[in-house]
Amino acid sequence: MNSLTKHLKKSIEIIENNKNNLHSDLWRLNFHLMPPIGWLNDPNGLCYFKGEYHIFFQYSPFNVNGELKFWGHYKSKDLINWEYLGVPLLPDQPFDCHGTYSGSALIEDEKMYLYYTGNVKYSGENYDYINNGRGSNTILAISDGNNIISKKCLLTNEDYPKNFTCHIRDPKVWKENDNYYMVLGGRTKEDKGVILLYKSLDKINWNFLNIIENKNKFGYMWECPDLFNLDNKTILMISPQGVEEQGYKYQNIYQSGYYILNGDYKTNNYSLNEFTEIDRGFDFYAPQTFLDNKNRRILIGWFGLPDIENFYTNKTIEKGWQHALTIPRVLKIISNKIYQQPIEELKSLRKEQLNIENNKIYNIDCCFELLIENILNDITIKLENDVIIQFKENLFTLKFDSDKLGCGRTSRSVEINNCNKLQIFVDYSSIEIFINDGEEVFSTRFYPNEKNIILEIDGNGNNTLYPLNSFSIK
Ligand code: FRU
């Protein structure tokens, strides 16, 4: 370990141990992974390794608004009891000195192969950091599950195809037969978001294979790609930037969603179905998936978005931290559409159930799962008389009636034919709504003033409310 690495690790330990004011913070979440202090963004390196789930995340311990990125690390045997393992991946080499950016994990030979982007910003007056002034290196870090054993820079901007800006990043790597494949998100010189596909025989030497793109431009940059098989379909998941709002669609600053890929994307003999958003709420971005030992395809997203300052804010900034990861969701396909269901492990957090009658007012602790089944008509759920969750005339809406709790968040909707079932997870300052067993999902943050909130349901379904226990985090 060089002395810069040691110094950085020590400084992070000190700052993490000084986080006293978080204890008096009513917006800390009970069953979501958060940064110990400072800023969190994308989930990284998701994997199941030697009997444990490992979740890394983009982490800026020194600044609640981001900037220099590290990888923080949690692990768990059951997705409920967690251990925080600190910050294994640090920007401590010339090829990653302005941030160890997002990436993925490949498990082989009892090792974790962590592929990520080393961000480098050169200093100079005339750089625009789009076409020049930035290095986006593809790096392989090998880990034993706890520590990084080695880091090697595999590709630099010189190696990428010539018609690209400096924005190429977020490798997702997988093995297929005896070959390895990698997708990277990129921005071409014509400001079009596309995917670069690479192939390797040894995990180290990579050859460019193909571009995967939407023939009609869909945004100027595609971040955090993921490509996987789900129920015999090939899914390309991306987080595009620069997509214009279209009615209820694409209302956030940046989007995340997926295409079903038909044909052979390794040659040019492929086509993409329509892009579908994966989450309709205000706070969701950069999802990644992995396969676990039960062969479940599990998705975790960043419970947040970058560059939201002109639209809304997060009150936790006052407390020295910002953002979280969403609850893990299991994916499946029904009629060409991805459905997302909360992992069943969360049921173990349920305390004794409460029956909630329709059209009555309840004052409850703001950490619960609300299940509403057999909904026959329209329904309106109100939290604190300000957050409105509603299905009416084929439109599902999540909206804030005033600026009190939403801090600038307004209204998001999706058109659906019916709403029979709702499963809603509320965790002090977050809400995740699963409609019809995950046909649509809305995720949002909100900032109530008390640990207890007022709940009222105006509908005709059967309501069950489970107050929830907390994750244990060592
Ligand atoms: C997505 C993203 C990635 C990048 C990372 C940096 O939120 O911009 O493209 O690798 O965050 O933290």
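Values below: all heavy atoms of this structure, side chains included; hydrogens, waters and symmetry mates excluded. Keep in mind it's a predicted model, so treat the numbers as computed, not measured. Position 1 is the first residue of the sequence, and the numbers go up from there. Atoms within a ligand are numbered from 1 in the order they appear, just like the ligands themselves.
When heavy-atom distances to ligand 1 are checked against 4.0 Å, the residues falling inside are Asn41, Asp42, Gln58, Lys69, Tyr101, Ser102, Arg169, Asp170, Glu223, Cys224, Tyr285, Trp302, ordered by chain and number.
Heavy-atom neighbours of Lys6 NZ from other residues, nucleotides or ligands within 6.0 Å: at or below the threshold of 12.
Applying the side chain to side chain contact (heavy atoms under 4.5 Å, CB included) criterion to Asn177, with sequence neighbours excluded, gives no partner residue. For the ring pair (Phe, Tyr, Trp, His ring centres under 6.0 Å) test, no residue two or more places apart in sequence or in another chain qualifies with Tyr122. By the side chain to side chain contact (heavy atoms under 4.5 Å, CB included) test, Leu230 is found to be paired with Phe228, Ile235, Arg297, Leu331, Ile333, Ile338, residues two or more places apart in sequence or in another chain being considered.
Below 30°, between 30° and 60°, or above 60°: for Tyr74 and Tyr84 the angle between ring planes is between 30° and 60°, a tilted geometry.
Geometrically, Lys121 engages Tyr129 in a cation-pi contact, judged by NZ or CZ lying under 6.0 Å from the ring centre and within 45° of the ring axis.
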